[in-house]
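A quick write-up on the structure given underneath.
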Amino acid sequence: GWTPETVGTYTVRVIASTLAGSTTSNTVNFIIYNKPTIISATISIDKGGLTQSITLTGVGNGAPNLTYTWQENINNNWIDIGNNAITTVQINDNVSTLHQYRLQLTDYGGTTTSDIITYQSYTTPTISNVTVTPKEGGSETEFTLTATYDSETPIVSYQWQYNVNYANGWENVPNGNTATVNWTPNNVGEYSVKVTATSLAGSSTSNEATFTIYTKPTITNVTATPNEGSVETTITLNADVNGNGTTVTNYQWQYYDTE
């Protein structure tokens with residue numbers, strides 16, 4: 001047996017010799033190939049949801065009998081999953097999972113294995129809590145909206161929305177695209193807010209949180225009785241105040257001395 005070490009097309013013959021002389025055979029040819037070359041091994045998407053269709057695409061060069069074999073690492077064993085250059089795989093996970101794939105090209109020259117490529121599946125995002133502080137205020141009050149995120153899935157975007165008195169549809173909070181938003185609404189009413197978190201695995205919308213914006217108190221009448229007197233006269237000051245839906249928490253009288 002002979003193992004040629006150089007790639008190429010070989011022509012061989014044999015010469016048989018006896019005491020009577022030598023005879024040379026006809027020639028025969030054979031070809032020694034290099035191992036196949038993997039030009040690329042790619043995956044259509046490397047992150048996504050628990051249910052996802054992905055496409056594995058291989059490009060290579062080799063001998064005329066070149067074959068493609070896609071494999072997946074399952075429990076530390078590489079299992080064949082497809083024998084075409086382009087193979088579709090359906091992901092159906094119950095929990096977030098890292099999938100590993102590789103391509104093998106085989107021909108007369110041997111087998112070449114690609115680097116590992118991966119797909120990471122994620123659960124849909126989970127928002128465990130939504131808070132608003134303070135719970136009450138006026139048209140100049142700044143409210144802080146906060147979403148608590150409870151998942152290993154990376155968030156791509158947030159979108160806060162609000163509804164006033166449920167009179168109209170949901171509208172987007174201005175600049176409401178982060179987990180925490182500071183916002184100063186200028187309309188009076190009962191506000192409901194919610195947030196939608198979107199990841200590569202999909203979207204999830206939180207429960208609603210509420211807060212109330214009141215109008216400023218209204219002072220309809222101010223009296224001083226009596227309106228004339230001496231330095232020993234006790235003046236009674238009175239104001240008719242409407243809290244407009246909320247309790248007046250503080251009064252502050254002021255005076256202006258004309259002399």
Side-chain angles (χ1 to χ4, degrees), residues 44-54 91-99 118-221 239-254:
S44 57
I45 179 173
D46 62 358
K47 299 181 183 68
L50 298 179
T51 301
Q52 179 71 52
S53 177
I54 61 174
I91 303 295
N92 291 297
D93 291 333
N94 294 317
V95 296
S96 298
T97 304
L98 178 66
H99 295 263
T118 62
Y119 172 81
Q120 175 67 60
S121 69
Y122 290 108
T123 58
T124 54
T126 301
I127 301 172
S128 59
N129 192 33
V130 173
T131 60
V132 180
T133 53
K135 298 294 289 183
E136 296 178 318
S139 59
E140 298 178 356
T141 303
E142 182 179 73
F143 293 85
T144 299
L145 317 179
T146 303
T148 302
Y149 175 65
D150 185 20
S151 179
E152 79 279 8
T153 309
I155 291 294
V156 175
S157 66
Y158 291 90
Q159 182 59 64
W160 286 90
Q161 293 184 306
Y162 72 94
N163 195 307
V164 185
N165 301 323
Y166 289 105
N168 298 305
W170 289 90
E171 298 183 42
N172 290 340
V173 173
N175 300 314
N177 51 13
T178 55
T180 299
V181 174
N182 294 319
W183 179 35
T184 305
N186 52 21
N187 293 321
V188 173
E190 298 282 343
Y191 281 72
S192 296
V193 293
K194 63 183 180 180
V195 63
T196 298
T198 301
S199 73
L200 295 172
S203 298
S204 179
T205 300
S206 71
N207 295 327
E208 298 175 18
T210 61
F211 63 94
T212 304
I213 295 180
Y214 298 101
T215 58
K216 292 181 179 180
T218 303
I219 303 175
T220 57
N221 188 35
D240 293 331
V241 180
N242 185 344
N244 294 318
T246 186
T247 302
V248 178
T249 57
N250 185 61
Y251 291 87
Q252 179 61 62
W253 287 88
Q254 296 181 320

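This is a predicted model, so every value here is computed, not measured.
For the side-chain hydrogen bond (donor to acceptor under 3.5 Å, both in side chains) test, no residue two or more places apart in sequence or in another chain qualifies with T184. Checked against side-chain hydrogen bond (donor to acceptor under 3.5 Å, both in side chains), T215 has the following partners two or more places apart in sequence or in another chain: N244. Applying the ring pair (Phe, Tyr, Trp, His ring centres under 6.0 Å) test to F143 and every residue at least two apart in sequence or in another chain returns F211. Not a single side-chain hydrogen bond (donor to acceptor under 3.5 Å, both in side chains) links Q52 to another residue, sequence neighbours left out. Here I127 pairs with V130, A147, V195, A197, S206 under the side chain to side chain contact (heavy atoms under 4.5 Å, CB included) rule; sequence neighbours left out. Scanning for side chain to side chain contact (heavy atoms under 4.5 Å, CB included) contacts around N94 gives an empty result, with sequence neighbours left out. Every side chain to side chain contact (heavy atoms under 4.5 Å, CB included) that N92 has, sequence neighbours left out, goes to T51, Q90. Not counting sequence neighbours, the partners of V164 by the side chain to side chain contact (heavy atoms under 4.5 Å, CB included) test are Y162, Y191. Contacts of S44 classified as side-chain hydrogen bond (donor to acceptor under 3.5 Å, both in side chains), with partners at least two apart in sequence or in another chain: none.
Listed by first and then second residue, the side-chain hydrogen bond (donor to acceptor under 3.5 Å, both in side chains) pairs that reach into residues 124-133 come to none, sequence neighbours excluded. For residues 192-203, the set of pairs meeting the side-chain hydrogen bond (donor to acceptor under 3.5 Å, both in side chains) definition, not counting sequence neighbours, comprises Y166-S192, T196-T205, T198-S203.
Within the 4.5 Å cutoff, no side-chain heavy atoms of N187 are placed close to those of I213. Residues T220 and N242 form no side-chain contact, since every pair of their non-hydrogen atoms from C-beta on lies 4.5 Å or further apart. At a threshold of 4.5 Å between non-hydrogen side-chain atoms, the residues L50 and T123 count as touching.
Heavy atoms only, all atoms of each residue included: I219 and V241 are closest at CG1-CG2, 4.1 Å. What you find for K47 and Y119 is that their closest heavy atoms are C-CE1, 3.6 Å. Contact record, G49 with S121: O-CB, 3.5 Å, taken as the closest heavy-atom pair.
No more than 12 heavy atoms of other residues, nucleotides or ligands sit less than 6.0 Å from atom NZ of K216. By the 6.0 Å contact criterion, CG on N175 is open, its count of non-hydrogen atoms from other residues, nucleotides or ligands being 12 or less.
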Handout entry: Steps toward side chain to side chain donor-acceptor pair (under 3.5 Å) verdict (T212, E190)
Key = CA-CA 5 Å; T212 304; E190 298 282 343; 2.7 Å; yes
Handout entry: Worked check of side chain to side chain contact (heavy atoms under 4.5 Å, CB included) between H99 and D93
Key = CA-CA 10 Å; H99 295 263; D93 291 333; 2.8 Å; yes
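Here the side chain of Q120 pairs a donor or acceptor atom with the backbone of T97 at under 3.5 angstrom.
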Distance-only check: which donor-acceptor pairs under 3.5 Å involve side-chain atoms of residues 176-183, not counting sequence neighbours?
{"residue": "T178", "atom": "OG1", "partner": "T180", "partner atom": "O", "Å": "2.7"}
{"residue": "N182", "atom": "OD1", "partner": "T144", "partner atom": "OG1", "Å": "2.9"}

